[in-house]
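Counting from 1, the numbers follow the sequence of the chain as shown. It should be emphasised that the depicted structure is a prediction, and the values quoted were computed from it without experimental measurement. Atom set for the values below is all heavy atoms of this structure, side chains included, hydrogens, waters and symmetry mates excluded.
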Amino acid sequence: MTVLDGAEGWAYAVSGRVRGTALDDLSGEAVARTLPSLLRALDAAARVDLAGTSGYGIWAPDGRAPHASWPEALLAIGTETPRVPGWRAALVDSGIGLGPVEAGLSALAALTPCLPDARRLIHGDLLSRNVLGEAGITGVLDWGNALYGDPLYDAAWLLHWWPWYPGWRPGDLHAALLTHWRATGPTPAHLRERRHAYLLHIALDALAYCAYRSRWDEVRAHVGTVLTLASAGGGESVLIPAGA
């Protein structure tokens with residue numbers, strides 16, 4: 001792979017061609033066969049040596065992320081950034097207001113005592129045609145949303161977006177996650193609370209982005225998810241099938 005400096009401080013990489021079908025385009029049966037390979041790939045990413053890097057949250061090309069702790073990085077979702085400007089005013093102007101955001105942030109803050117100090121590599125954008133596979137994963141592309149933090153976040157990211165693909169069976173993902181965790185070690189500590197926190201963050205992130213892009217049908221869907229999660233008890237897996 002060759003890394004090149006671009007204009008205005010941007011950088012880009014040119015790598016060898018990776019062949020495969022985007023995960024988004026696979027049938028439910030093919031996705032179920034591919035999941036074990038994807039979960040192993042995420043484990044490998046979480047073992048990447050982060051020496052020479054610092055901070056939590058989305059990192060810059062120099063390897064630095066802006067936050068001093070993982071909870072701080074998550075709670076910063078309520079603050080606008082140059083990546084997603086103007087979303088708070090857009091919500092107010094739309095009549096939806098900031099109430100759902102504040103409810104989500106409050107519920108997220110209540111869960112932060114259950115979060116680990118882990119600082120590992122997270123992809124943060126595993127659909128949108130960024131994962132390629134055949135019989136297994138052949139490539140994971142576009143690390144522009146990558147973070148440093150708890151690698152369980154990527155599992156929650158999949159859990160949030162899985163229902164948006166009607167041909168996929170949610171039970172396949174939940175079963176694959178539990179089978180993987182049980183096979184690779186003890187079930188993660190505070191699993192339910194961590195999933196709940198990350199699902200809240202992911203829904204808030206999607207809400208902000210869709211408000212910024214004026215995608216109001218999607219905003220309303222994410223508002224519903226945020227309010228459902230915010231009204232649930234801490235760690236209550238309201239978006240997860242029973243037993244998962």
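Between the Asn145 side chain and the Gly124 main chain, no donor and acceptor come within less than 3.5 Å of each other. Asp24 places a side-chain N or O within donor-acceptor distance of the main-chain N or O of Ser128, the cut-off being under 3.5 Å. Without hydrogens or angle criteria, Tyr198 side chain to Asp154 main chain gives no donor-acceptor distance under 3.5 Å. Although no hydrogens or angles enter the test, the distance criterion places no donor-acceptor pair under 3.5 Å between the side chain of Trp70 and the main chain of Gly149. Within the 3.5 Å criterion, the main-chain N or O of Gly55 finds a donor-acceptor partner in the side chain of Arg119.
Residues Leu158 and Leu177 are not in side-chain contact: their nearest non-hydrogen atoms beyond the backbone lie 4.5 Å or more apart. Thr225 is not listed as a side-chain neighbour of Leu207, based on a closest heavy-atom distance of 4.5 Å or more. Using a 4.5 Å heavy-atom threshold, the side chains of Leu132 and Arg19 count as separate. Considering only heavy atoms from C-beta on, His160 comes within 4.5 Å of His222 through its side chain. Side-chain contact between Asn130 and Val140 is absent, with no heavy-atom pair separated by less than 4.5 Å. Between Leu199 and Leu159, the closest side-chain pair of non-hydrogen atoms falls below 4.5 Å. Side-chain contact check for Trp164 versus Leu127: every heavy-atom pair is 4.5 Å or farther apart. By the 4.5 Å heavy-atom criterion applied to side chains, Val31 and Asp172 are not counted as neighbours.
Linking ILVMFWY side-chain heavy atoms closer than 4.5 Å, directly or via other members, places Leu74 and Ile122 in a single hydrophobic cluster. The hydrophobic cluster containing Tyr153 does not contain Tyr209, counting ILVMFWY residues as joined when their side-chain heavy atoms lie under 4.5 angstrom apart, directly or transitively. Leu229 and Ile77 are not part of a single hydrophobic cluster, where members link through side-chain heavy atoms under 4.5 Å apart. Under the 4.5 Å side-chain heavy-atom criterion for ILVMFWY residues, a single connected hydrophobic cluster contains both Val219 and Leu227.
In this structure, Arg64 places its CZ atom where only 12 or fewer heavy-atom neighbours from other residues, nucleotides or ligands lie under 6.0 Å away. Enclosure of atom CG in Asp62 by more than 12 non-hydrogen atoms of other residues, nucleotides or ligands within 6.0 angstrom is indicated.
With sequence neighbours excluded, the residues satisfying salt bridge (charged side-chain N to carboxylate O under 4.0 Å, His left out) with Asp217 are Arg220.
Side chains of Asp43 and His180: a donor on one and an acceptor on the other come within 3.5 Å.
His196 approaches Gly233 most closely through the heavy-atom pair CE1-O, 3.1 Å. Shortest non-hydrogen contact noted between Ala155 and Trp181 is CB-CZ2, 3.9 Å.
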With a cut-off of 3.5 Å and sequence neighbours excluded, list every side-chain donor-acceptor pair involving residues 84-111.
| from | atom 1 | to | atom 2 | distance (Å) |
| --- | --- | --- | --- | --- |
| Arg88 | NH1 | Gly78 | O | 2.7 |
| Ser94 | OG | Leu91 | O | 2.7 |
| Ser94 | OG | Ile96 | N | 3.1 |

